[in-house]
Number of protein chains: 2
Amino acid sequence: MYVDTTGVMAGATSTRIAASPCLVCPIRERAICAHLSDDALRNLLTRSRRIVLQRGETLIWEGDETLVVGTVRSGLLKLTSTMGDGREQILGLAFPGDFVGRPFGALAGSSITALTETALCLFRRHAFDALARDHPELQHALLLRTLDELDRARRWIVLLARKSAGERVATFLLEMADRAGAEDGEPIEIMLSRQQMADFLGLTIETVSRKLTHLRQARVVQLPDLKSFVILSRKALWNAAGDLDRLAA
Amino acid sequence: MYVDTTGVMAGATSTRIAASPCLVCPIRERAICAHLSDDALRNLLTRSRRIVLQRGETLIWEGDETLVVGTVRSGLLKLTSTMGDGREQILGLAFPGDFVGRPFGALAGSSITALTETALCLFRRHAFDALARDHPELQHALLLRTLDELDRARRWIVLLARKSAGERVATFLLEMADRAGAEDGEPIEIMLSRQQMADFLGLTIETVSRKLTHLRQARVVQLPDLKSFVILSRKALWNAAGDLDRLAA
DNA sequence: CGTGCGGTTGATCCGAGTCAAGCCAAGTGG
DNA sequence: CCACTTGGCTTGACTCGGATCAACCGCACG
């Protein structure tokens, strides 16, 4: 992990210079900063530092006190919980624009680890907490995100409690396609290894492999290489995901 | 469902009278109202109405627009999602003091139904949304609750993805014991039927029944009747729940 | 040219689901 | 008061889906 200090410390000297890294920020519009007042944004920026995690590096460990929170600028993180016997469950993924870390004091409920090289904009948690209390619009933005995350986690509960292995894999592919916003026929990158997919879906690596093979044999998807796929029939994939009823909606 | 209007409409006439139902509120200290300023509390109260749901009555349907949000005064609610084939998954329970409903516009991700006779303090969602925007402390309280709910949902993800049937049942009993705050040896009420436990744990009714029998035969718990249990060995129950490592913590 | 790693495929096993029967307590009606 | 029904729960026999164990493939890299 290295710290990218370009322009950050300059924040104290000039408002215009301070705001400049945000102006070129790749996720400026999607991040939690998007709806902040200029004042709040400057305030946040002067307390931020940008870092880059290498693949496999862990930002926060499950059970530790949360020292930092932040926004993902690029790359991909996983949120995981590990059971006593060592098996890990991926609780969620953090894409560019997502907020990570647990503000307001509770111990971290999950470890946060880079799956690819990942750039973040970090804030010390105490500073962020204080800033959130002073800036209702920041708190509001955080609340909206947290409510969405809760909805997403609950949808995952249904998947894990009630869906078969084949349905889980199909659902995963659809989610990746949604996130990527790709059309049918164009390749979509799977940023996870088979093991990580298994950890995400509550399955084993062998079952994931088999179910992918089945979808390929059924001509629902193509698998040009290990890290990408192409949807041949979105309808068939919805069907395989067990959500055909929701297709209407 | 009937509306209890005692003292509610009086709120418009006198501050002192308006606040009175809150003063005798059984969950005054635990509810979201607890940390509000007098001003915000009065404001909230004048926009509230108290209702009682009978067992089985549904407050909000999955997929509908959320018209009301509120606080549980007494009783027990379930949050559920139903799959295309009709099987339902319980996503969570709402105890007295808990906040229910999805503020800020998204469609309801789950149905909310009374498991026992349940009293609530309700607010029209739009009024609540507006009030939350004007009262940062209300929004802050809501954010803390939502963050806790998210942590809880993610722990449930681990349970559903990785725990065996026996571990799930043991974990459930421990959670009920925690919620009830009961000592070992004193009976704890199970407010759910076997079917509801199964819906909560992602199992079938038969499996729940068998695993409870095993715990009884192993002298870990007593089951004096269908709706209550007694913990004989908390340590053994932690062990059965697969969380023995966390006992140290 | 081996060696290691991630992935696939096959054979077998096991835990939880399914199907079916029976138990028990609480109605209900003759 | 007793026979009958009903609904929730338990128990047993069997099935099946996904885990486990093991062999193998293909590619990157020393």
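So that the names make sense, note that chain A is the first sequence line, chain B the second, and so on, each numbered from 1. Heavy atoms only: backbone and side chains are in, while hydrogens, waters and symmetry mates are out.
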Is there any protein nitrogen or oxygen under 3.5 Å from a nitrogen or oxygen in nucleotides 28-30 of chain D, and what are the pairs?
none

Pairs under 3.5 angstrom only: tabulate donor-acceptor contacts from the side chains of residues 205-220 of chain B to other protein residues two or more places apart or in another chain.
residue: B:Thr207; atom: OG1; partner: B:Thr204; partner atom: OG1; Å: 3.1
residue: B:Thr213; atom: OG1; partner: B:Ser209; partner atom: O; Å: 2.9

Can you give the donor-acceptor pairs under 3.5 Å from side chains of residues 221-229 of chain A to other protein atoms, not counting sequence neighbours?
residue: A:Asp225; atom: OD1; partner: A:Lys227; partner atom: N; Å: 2.8
residue: A:Asp225; atom: OD1; partner: A:Ser228; partner atom: N; Å: 3.4
residue: A:Asp225; atom: OD2; partner: A:Ser228; partner atom: OG; Å: 2.9

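Judged as a salt bridge (charged side-chain N to carboxylate O under 4.0 Å, His left out), and not counting sequence neighbours, A:Glu189 has no contacts. Evaluation of the side chain to side chain contact (heavy atoms under 4.5 Å, CB included) rule for A:Arg145 yields A:Ile32, A:Asp98, A:Phe99 as partners, not counting sequence neighbours. For A:Arg124, the salt bridge (charged side-chain N to carboxylate O under 4.0 Å, His left out) test picks out no residue, with sequence neighbours left out. Contacts of B:Arg194 classified as side chain to side chain donor-acceptor pair (under 3.5 Å), with partners at least two apart in sequence or in another chain: none. A search for side chain to side chain donor-acceptor pair (under 3.5 Å) contacts involving B:Ser111 returns nothing, not counting sequence neighbours. Remark: B:Glu88 pairs with B:Lys78, B:Thr80, B:Thr82, B:Ile90, B:Asp199 by the side chain to side chain contact (heavy atoms under 4.5 Å, CB included) rule, at least two apart or across chains.
A:Gln195 has its CD atom 11 Å from the P atom of D:dT20, to the nearest Å. Between the NZ atom of A:Lys227 and the C1' atom of D:dC27 there is a distance of 14 Å, given to the nearest Å. Note: CG (A:Asp225) to P (D:dC27) measures 12 Å, nearest angstrom.
Among residue pairs with one or both ends in residues 56-92 of chain B, none qualify as ring pair (Phe, Tyr, Trp, His ring centres under 6.0 Å); sequence neighbours excluded.
Near DNA chain D, defined here as any heavy-atom distance below 4.0 Å, the residues from residues 197-213 of chain B are B:Glu206, B:Ser209, B:Arg210, B:Thr213, listed numerically.
Bounding nucleotides for the chain A contact on DNA chain C, 5' to 3', at a heavy-atom distance below 4.0 Å, are C:dG7 to C:dA11.
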